[in-house]
Amino acid sequence: MAPLSKWCVVSNAPLPDLAALAAHAEPGALHVYHRGPEGAALPGEAPFVLDVGTLRAEADGTRDPMTSSTLRVDADAVVVRISGLNEDPVHYAVNRMRGLFAYFTDLFLAPLVLPGLGLPVETTGTAVGHACGTLLRGVSRLPHSSVHRTRYEGGHWRTETRDLHDPLRDFREPHRTDPAAAGEAQLDALTAEIERIDSTTPAGTGYATLLSGGIDSGTVTYLAATAGLSVTPYSVGTPWGDELADAAELCAELGIGLEAVHLTEDDIIASIPEAVRWLGVTEPEVVEVALTATSVQRLGAVPADRTLLTGYGSDLINAGLYRPFAHHHELIDQVLSAVDRTRRSNELSGRMALAHGTGVHHPFWSWPVMRVALETAPECKVREGREKYHLRTAMGRRVPEPIAWRKKIAVHHGGGLQDGVARRLEKETGSSDREPVYRACFAELLDRSARGELEPVDPPDLFERALGRVRSR
């Protein structure tokens, strides 16, 4: 099934280009355009609150402020509360001369939103690493741990912004110093999260995992299987390599079958535009980390009725990709910085899954699991030259040592994906710099969005047109 983007826009200006694409409500002086998942609808009247991640109406004050951003609409005011993790973006644009503004949850709506505010649609070279940076002039991504209120008062619209406490500041002095105990605590938290996920899905739901040969997806697969969930692991191979034998070793230990997914080079390359589409960023590392999951979603390699559990996020919180350090505070900085970067990169956003109508969960990225990891001292995470020492120690009590202590391979390196993509793009463009290709995909997607094509209808054609932009420079 082709993806269909889900989003919400709140503005004080009518945006006629959106009216044919979404449900439209006018609570007082505001216009709300909403295209949510199946069964989700705007409440009949204001005030109401939308969860930014699910795009469903929620009771006010019922969501976790660390993990859930919300958008409250009144007749004459809108309040956007951005969570501490800021996984799903909310963008903001304003024409101060005309007193017009819009909050919107999908960057590629900009060509349909900005003209209604009297603003141009222009790309910029601003790095997304900037706290409010996007690739579009005049469009900011609201920062984590903040509240933004725009209300009509005294004949004018006024906006107030308030910063909240950043919870990451609370983890400068981790107190879990025993590797085995820290590892066990993380497994307990992961088990609780998997049980929570199962309790919120319909009875009889089948599960899938994306299983590599690594400890992260292996841990999620092990815990799901031993919890009694009906889980089928899928392991992805590429023309450049695979980890099928390593994945099969764990499956044999658990007594469950393994489904192999073989992606061709063209499958992966054709997924680049869709990865850029749902991310809204073009940094090569971020795009390439997303390519495996994007290919699996785009091609329907995992049945849509199975809820997908991943190992994503563990590298970040457990120092899986640490750099050499002289003092333990340097590793603490690395971990906190890695988590902080995700608050702007969109790499853990649920937008792609929403568009495809699939259930996807990242158990390592639940706040209770993250908290345990951030409370774990560096000497537990990296010891004797091995990363994730605490997690491997705990899993070593449950699975054979070769499985628990297998050499680490990053998700975008597994199967040789990143090197293979780099070689293909260099062959196509004559340059080793991959970002211009991803920026060209962004520009092509933006042009199509201006015509109302909000999903990549023909990814191979889109990619070829993006290459044409790069070659013509």
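Note: Asp458 CG to Glu464 CD = 10.0 Å, rounded to the nearest 0.5 Å. Here NE2 of His34 is found 14.0 Å from CG of Leu21. Values are rounded to the nearest 0.5 Å. The distance from atom CD of Glu259 to atom CG of Leu211, rounded to the nearest 0.5 Å, is 12.0 Å. Rounding to the nearest 0.5 Å gives a distance of 8.0 Å between CD of Glu87 and OG of Ser349. The CG atom of Leu279 sits 10.0 Å away from the CG atom of Leu348 when rounded to the nearest 0.5 Å. Between atom CD1 of residue Ile268 and atom OG1 of residue Thr292 there is a gap of 7.0 Å, rounded to the nearest 0.5 Å.
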| field | Candidate pair Met352 and Val360, rule side chain to side chain contact (heavy atoms under 4.5 Å, CB included), full reasoning | value | CA-CA 9 Å; Met352 180 171 67; Val360 179; over 6 Å; no
| said: Evaluate Ser217 against Ser212 for side-chain hydrogen bond (donor to acceptor under 3.5 Å, both in side chains), listing each step before the verdict. | reply: CA-CA 6 Å; Ser217 60; Ser212 66; 3.2 Å; yes
| said: What verdict does the side-chain hydrogen bond (donor to acceptor under 3.5 Å, both in side chains) test give for Thr282 and Glu435, after you've listed the backbone C-alpha separation in whole Å, the side-chain angles of each residue and the deciding distance to 0.1 Å? | reply: CA-CA 6 Å; Thr282 58; Glu435 185 157 11; 3.0 Å; yes
| field | Worked verdict on Val339 versus Ile317 for side chain to side chain contact (heavy atoms under 4.5 Å, CB included) | value | CA-CA 7 Å; Val339 174; Ile317 60 176; 4.0 Å; yes
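Identified under the side chain to side chain donor-acceptor pair (under 3.5 Å) test for residues 96-105, with sequence neighbours left out: Tyr103-Thr150.
Inspection of the Ser5 and Glu455 side chains reveals an N or O donor paired with an N or O acceptor under 3.5 Å. Side-chain atoms of Ser11 and His31 form no donor-acceptor pair, as typed in the model, at a separation below 3.5 Å. For the residue pair Asp170 / His165, a side-chain donor-acceptor distance below 3.5 Å is found, with atom types taken as modelled. Looking only at atom types and distance, the side chain of Asn346 has no donor-acceptor partner in the side chain of Arg351 under 3.5 Å away. A donor and an acceptor atom, one from each side chain of Asp333 and Ser337, are nowhere located under 3.5 Å apart. No donor-acceptor contact under 3.5 angstrom links the side chains of Thr342 and Glu347, judged on distance only. Judged by distance alone, the side chains of Thr358 and Gln297 do bring a donor and an acceptor atom under 3.5 Å apart.
Listed here is the closest heavy atom pair of Tyr234 and Arg306: OH-CD, 4.0 Å. Contact between Gly99 and Asn12 at its shortest, heavy atoms only, is O-ND2, 2.8 Å. Scanning all heavy atoms of the two residues, the minimum distance from Ala93 to Leu117 falls at O-CD1, 3.8 Å. Shown here for Leu135 and Gly280, the closest heavy-atom pair between the two residues is CD1-O, 3.9 Å. When every heavy atom of Val276 is checked against every heavy atom of Cys441, the shortest pair comes out as CG2-CB, 4.3 Å. The two residues Thr219 and Ile215 make their nearest non-hydrogen contact at OG1-O, 2.6 Å.
Ion pairing of Arg465 with Asp447 is absent here, as no side-chain N (NZ or NE/NH1/NH2) approaches a carboxylate O to less than 4.0 Å. Salt bridge Arg298/Glu274: absent, no basic N to carboxylate O contact under 4.0 Å. Between Arg277 and Asp106 there is a salt bridge, since a side-chain N of the basic residue sits under 4.0 Å from a carboxylate O of the acidic one. With respect to Arg81 and Glu58, no salt bridge is recorded, no charged nitrogen being found less than 4.0 Å from a carboxylate O. A salt bridge links Arg448 with Asp461: the distance from a Lys NZ or Arg NE/NH1/NH2 to an Asp or Glu carboxylate oxygen falls below 4.0 Å. Salt bridge annotation for Arg151-Glu160: present, with a cationic side-chain nitrogen under 4.0 angstrom from a carboxylate oxygen. A salt bridge between Lys388 and Asp216 is present, with a side-chain N of the basic residue lying under 4.0 Å from a carboxylate O of the acidic one.
The ring pair (Phe, Tyr, Trp, His ring centres under 6.0 Å) test applied to Tyr152 returns Trp157, not counting sequence neighbours. The ring pair (Phe, Tyr, Trp, His ring centres under 6.0 Å) check on Tyr438 picks up nothing, with sequence neighbours excluded. Partners of Asp266 according to the salt bridge (charged side-chain N to carboxylate O under 4.0 Å, His left out) rule, which considers only residues two or more places apart in sequence or in another chain, are Arg424. The ring pair (Phe, Tyr, Trp, His ring centres under 6.0 Å) test applied to Tyr33 returns His24, not counting sequence neighbours. For Tyr207, there are no ring pair (Phe, Tyr, Trp, His ring centres under 6.0 Å) partners two or more places apart in sequence or in a different chain.
You'll find the side chain of Leu336 reaches within 4.5 Å of the side chain of Leu374, heavy atoms only. Contact annotation: the side chain of Gln186 approaches that of Val369 to within less than 4.5 Å [non-hydrogen atoms, C-beta and beyond]. For the pair Phe463/Glu444, no side-chain contact is recorded, criterion being any heavy-atom separation below 4.5 Å from C-beta on. Residues Leu109 and His91 form no side-chain contact, since every pair of their non-hydrogen atoms from C-beta on lies 4.5 Å or further apart. By the 4.5 Å heavy-atom criterion applied to side chains, Val94 and Thr159 are not counted as neighbours.
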